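Data block below; observations after.
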Protein chains: 2
Amino acid sequence: MGVRVVAALDQFDRKILALLQENARLTGSELAEKVGLSAAACLRRVQRLRETGVIERDIAIVDPRVFGKRMTVIVLLTLNSDRHDRYQLLRAELEKTPEITQCDHVTGAHDIVLRVQVADMEEYAAFVDRVLVRPYIKRYESLAVLGHIK
Amino acid sequence: MGVRVVAALDQFDRKILALLQENARLTGSELAEKVGLSAAACLRRVQRLRETGVIERDIAIVDPRVFGKRMTVIVLLTLNSDRHDRYQLLRAELEKTPEITQCDHVTGAHDIVLRVQVADMEEYAAFVDRVLVRPYIKRYESLAVLGHIK
DNA sequence: AATGAAATTAAGTAGCT
DNA sequence: AGCTACTTAATTTCATT
């Protein structure tokens with residue numbers, strides 16, 4: 001789990017990573033032009049970055065609205081402090097719940113922050129009933145996303 | 001901005017999208033095998049999904065720790081209601097701030113939710129001073145991420 | 001209108017200097 | 001690292017349904 005080989009990343013690697021994080025479809029020659037190495041050298045580096053796990057994976061970003069999931073809600077969960085034994089169970093369930101696209105355990109006034117993708121309010125209400133209404137969830141606060149700034 | 005062509009997505013497109021959201025590096029023949037079409041047909045569909053904006057883009061997921069950004073903080077911002085004219089300005093600034101990896105305008109008890117990626121507490125403190133301490137930000141609540149569940 | 005098979009073009013990989 | 005040859009994948013063409 002530790003991050004080895006980090007010291008081995010030079011400026012070229014960093015530039016390549018920055019570019020691929022924006023657009024993973026850049027070809028070897030496109031990278032070459034932008035970073036000032038040959039195409040082969042760039043691709044060798046990309047290969048190495050993948051093998052060492054620096055690049056974890058490549059994913060397609062799909063407009064959630066095409067699936068009819070036009071509504072995003074950020075949910076702040078507060079757990080019952082006397083039910084912290086249920087944390088692992090809850091965690092496993094949240095991981096499996098398809099509406100949840102992001103989920104972090106946090107410190108502070110809340111315990112868990114969710115990002116939920118649903119079709120509409122009705123579907124969100126159903127999600128709340130199905131997933132959030134449980135004894136070991138003390139409180140949840142829903143923040144509906146009006147617009148994505150970034 | 002409207003999402004047209006959604007009705008035009010059949011089961012093959014949906015399957016392809018689901019697969020590429022997990023792994024955008026699947027080749028035509030790998031897709032072919034999984035969805036039951038020829039490689040050419042799959043790639044033609046992928047091309048169309050890109051052209052119509054259903055696939056917005058492909059990105060490389062890079063372990064943030066390799067950049068030394070080992071700390072994630074979710075920040076809940078509350079703006080001064082009498083300074084809502086500054087919203088566009090703030091929005092533009094947040095968009096440019098490199099530490100912010102995600103940023104949404106929300107309803108509810110807060111106005112904006114940020115996801116911030118920094119090296120450590122010191123860097124986070126500097127970020128707060130530089131970005132969050134401004135007259136039109138009334139309050140901010142920092143939730144440090146202890147662990148990623150999803 | 002969209003498919004599969006085949007041909008073409010482009011990209012990625014590997015070997016050598 | 002670069003260059004070049006090789007291999008694999010993506011794209012286009014074309015005949016078919």
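Residue numbers start from 1 in every chain, and the chains themselves are labelled A, B, ... in the order their sequence lines are given, proteins ahead of strands. Please read all numbers here as calculations on a predicted model, not as lab measurements.
Proximity of the aromatic rings of A/Tyr140 and A/His110 is defined here by a centroid distance below 6.0 angstrom, and this criterion is not met.
Using a 4.5 Å heavy-atom threshold, the side chains of A/Leu89 and A/Glu93 count as touching.
The nearest whole Å value for the distance from the CD atom in B/Glu33 to the P atom in C/dG4 is 15 Å. One can place CG of B/Leu31 at 13 Å from P of C/dG4, the figure rounded to the nearest angstrom. The distance between atom CZ of B/Arg48 and atom P of C/dA2, rounded to the nearest whole Å, is 6 Å. Summarising the geometry, the separation between CD1 on B/Ile16 and P on C/dA2 is reported as 13 Å, rounded to the nearest angstrom. One interatomic measurement links the two molecules: CG of B/Leu37 to P of C/dA1, which rounds to 18 Å at whole-angstrom precision.
Looking at B/Lys150, its side chain does come within 3.5 Å of a backbone N or O of A/Glu95 through a donor-acceptor pair.
Side-chain contact annotation: B/Thr101 with B/Gln117, donor-acceptor N/O pair under 3.5 Å absent.
Here the CG-CD distance, from A/Asp58 to A/Gln21, works out to 10.5 Å after rounding to the nearest 0.5 Å. Here the straight-line distance linking atom CG of B/Leu132 with atom CG of B/Leu114 works out to 6.5 Å at 0.5 Å rounding.
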Practice task
List the protein contact pattern of nucleotides 5-17 of chain C with one symbol per nucleotide (5' to 3'): B for base contact, S for sugar-phosphate-only contact, - for none; contact means a heavy-atom distance under 4.0 Å.
Solution key: B-----SBBBB--
